Number of protein chains: 2
Amino acid sequence: MSSKKPTVYDVAKEAGVSIASVSRSLRTPESVRPATRKLINRAIDRLGYVPSGSAQSLAARRTGVIGLFMSNLDELDDLQDFTLSSVDDARVEIDPAHHADSHRNDSLYYDQVLRGCELETWRRGLSLMVNLGLDRNEKGLTQLAGEMVGKVDGLIVMARSVPDSTLEFLRRRVPVVMVADAPSDNEAGYDLVRVSNRKGMRKLVQHLVDTHHVDDFAYIAGPDDSPDNHKRYVGFCEGLRSRNINPETVPIYRAGFSFAVAHTITQDMVARHKIPRVMVCANDQMALGVCKALTDGGIRIPQDVIVTGFDGISESETNTPRITTVSQPMRNLGRAAVSTMVQRLENPDAEPYAIELPVTLLLRESSEGELTKEQESTSD
Amino acid sequence: MSSKKPTVYDVAKEAGVSIASVSRSLRTPESVRPATRKLINRAIDRLGYVPSGSAQSLAARRTGVIGLFMSNLDELDDLQDFTLSSVDDARVEIDPAHHADSHRNDSLYYDQVLRGCELETWRRGLSLMVNLGLDRNEKGLTQLAGEMVGKVDGLIVMARSVPDSTLEFLRRRVPVVMVADAPSDNEAGYDLVRVSNRKGMRKLVQHLVDTHHVDDFAYIAGPDDSPDNHKRYVGFCEGLRSRNINPETVPIYRAGFSFAVAHTITQDMVARHKIPRVMVCANDQMALGVCKALTDGGIRIPQDVIVTGFDGISESETNTPRITTVSQPMRNLGRAAVSTMVQRLENPDAEPYAIELPVTLLLRESSEGELTKEQESTSD
DNA sequence: GTGAAAGCGCTAACAC
DNA sequence: GTGTTAGCGCTTTCAC
């Protein structure tokens, strides 16, 4: 197969020029006489030459690679040793229904951000190195991150996928751009790309009040320690206050971002006939749980109860009724992160960048009732 | 911020040893006296030293990075320049219902494979470099791949994401592992990881005949130029023949893997009252289209018509009824690809590996009717 | 066990 | 324009 890999020297010899010309011909073609360039190119593809990335990076002091670090806990379960075996058959399995597992959606979120990074990174002629930084303990994570940081020009880090101390360490070596959130004590220090949770929720509430003239709310909250959850709640309160509704009169139910808990809570409401006019949920999963409990209880959405979610996961769209939600531009989060990184790389001493991407309030049946229906079987 | 990055020399000086000892202490700690090792470690974290990946790779002649190359055409549409702007608001949008876009599922497939690669790559202490190899023309693709190939120890390539000629080029430099399919003329030459399309479909058909005693089939086929489609059809025929049904008596409808086309075709069947007992679809999207048309036409699934799909996309599970399908182990495809690559790297001169992952036949309501339902609100 | 020194393959002054 | 040369930061013989 791949015998000895040809180097600049081989190319230079083959073309009868110096290695400098070869290098120039590749980096700055216009600084080389067309004739020699042709010579060199001929030699290059005669030899099948490809420059060594390592050597280039070492000499040029830049790798052209951006690292993406996000920890994703989903995978831990089935992480047994994977052994290659060419089993020669198809298994059969009865597949009983089960609730959509909540963590699957996390994955979706990450996938989208990753995709955005890939996209933008590619557009700019850079490479992307990905690291999910799985289970490891704090020490392992730090080591993992350390390995990566030696290979990249900059590191994009998903919020809370790495301990703050490690972050500081990484940052001594390369620029770091945070996604979604930065260490609270140092918010001003990191470049940051995030999404306007607060404004999205505020807008949603204002819309509900203005359009549907409702004022009997309940809030289904996520975990107390989630910054997202907190910001959404703040936006919720702002929205209410801006319409002269006192947020303190609105009951909060804590469902920890969980379908099941939200479902139970709502069942209970239904049983007690204690149902608010609007149930604002801090994420889509909970909204789905709420909807199911309501529907099963014979409550109509949105005629009896308006339900809203947050995030814009795909289930919010496939559910019946579809859920009004605040959709996060996940893909663009990734793109923005890369763009920010590129700016930082070009301008190492600039002030910290902090950009906030707008969210989109998607009005759907769970709040608006029947919507315009076009394009039914149009899509041939 | 990140001032001068410390090097081995700095560490050596700080610790009062030679750079060789520093290097050894990192690579083969046991070859260094514990005392000096301690000295060195102290110096290392006093300086915040991180070895340069480029230099390591260059000297060690290996990068520890595996490249993943998959072209994904989904993104082309909205690929306008992305500019950073900190728009300070949330947009509102009426969001009318629309069919699940078919390409979204491709993405899902890629995401899963990618995730599998990431997982396995991480488990083995390697890094993963991803490249979606977007729109470029053939020449651009080749160049893109060329850039990547200089930075990695091996390249995992998704079937048909790169022209065959380029593949040959890449292969001169590093080992290449193909995913899903290899160039037909050279199938024996490439390491290959794939899925048993044929066996899966055969098993499915056999199950249907054996369990439901049906023999009145129709086959909804994908595009003629899809190898997957072809293999599935072959499996379909095999299954029938093994049960003494002549495949030639079974009508084929070509719906090009498209929801919409399958939908139209089925509507037509319904209108003409010309409906088979079983509709075997070459992928899930088409099965979904079929189901919708049948359900809208008042036909019961599976009592009147059994419908089956292929792939195991998430919609096959969220649909009502859930679709019996042959699920591909996408995640494991990625893991297997990385494993194969690692083996190849360790053993450059071994015979080409070709492994085939088993698929899983998931029996669900669209063929079996009511299934055991447990775990309803168990998941607290 | 440890140090000196020779590369790894490239880029970028600096001469010519 | 083109060639010469000195690194880039590390690994790895080879002596000691």
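Chain naming here is simple, since letters A, B, ... match the order of the sequence lines and numbering starts at 1 in each. Note that the coordinates shown come from a computational prediction; the quantities given were computed from them, not determined experimentally.
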So if I define the base as every atom that isn't primed, P, OP1 or OP2, how would nucleotides 10-16 of chain C read as a B/S/- string at a heavy-atom cutoff under 4.0 Å?
BBBB---
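A side-chain donor-acceptor contact under 3.5 Å links A/Arg172 to the backbone of B/Leu47. Remark: the backbone N or O of A/Pro348 is paired with a side-chain donor or acceptor of A/Arg344 at under 3.5 angstrom. Judged purely by atom type and a 3.5 angstrom limit, A/Ser57 uses its side chain to pair as donor or acceptor with the backbone of A/Gly53.
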Show your reasoning for whether salt bridge (charged side-chain N to carboxylate O under 4.0 Å, His left out) applies to B/Glu118 and B/Arg115.
CA-CA 5 Å; B/Glu118 224 300 306; B/Arg115 249 196 149 61; over 6 Å; no
Please determine whether side chain to side chain donor-acceptor pair (under 3.5 Å) holds for the pair B/Asp191 and B/Thr340, giving the CA-CA distance in whole Å, both sets of side-chain angles, and the decisive distance to 0.1 Å.
CA-CA 8 Å; B/Asp191 291 334; B/Thr340 303; over 6 Å; no
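A 6.0 Å sphere centred on CD of B/Glu30 holds more than 12 heavy atoms belonging to other residues, nucleotides or ligands.
Atom CD in A/Glu30 sits about 11 Å away from atom P in D/dG1, given to the nearest Å. We find that CD1 of A/Ile44 is positioned 16 Å from P of C/dG9, with the value rounded to whole Å. For the pair A/Lys151 NZ and D/dC10 C1', the interatomic distance rounds to 14 Å; values are reported in whole Å. Put simply, CZ on A/Arg62 is 18 Å from C1' on D/dG9, counting in whole angstrom units. As a whole-Å value, the separation of A/Arg37 CZ from D/dG1 C1' is 12 Å. Separating the CG atom of B/Leu58 from the P atom of D/dT11 is a distance of 11 Å, rounded to the nearest angstrom.
The side chain of A/Thr36 has D/dG1 as its nearest neighbour among D/dG3, D/dG1, C/dT2. You'll find that the side chain of B/Arg33 is closest to C/dG1, out of D/dG3, C/dG1, D/dC8.
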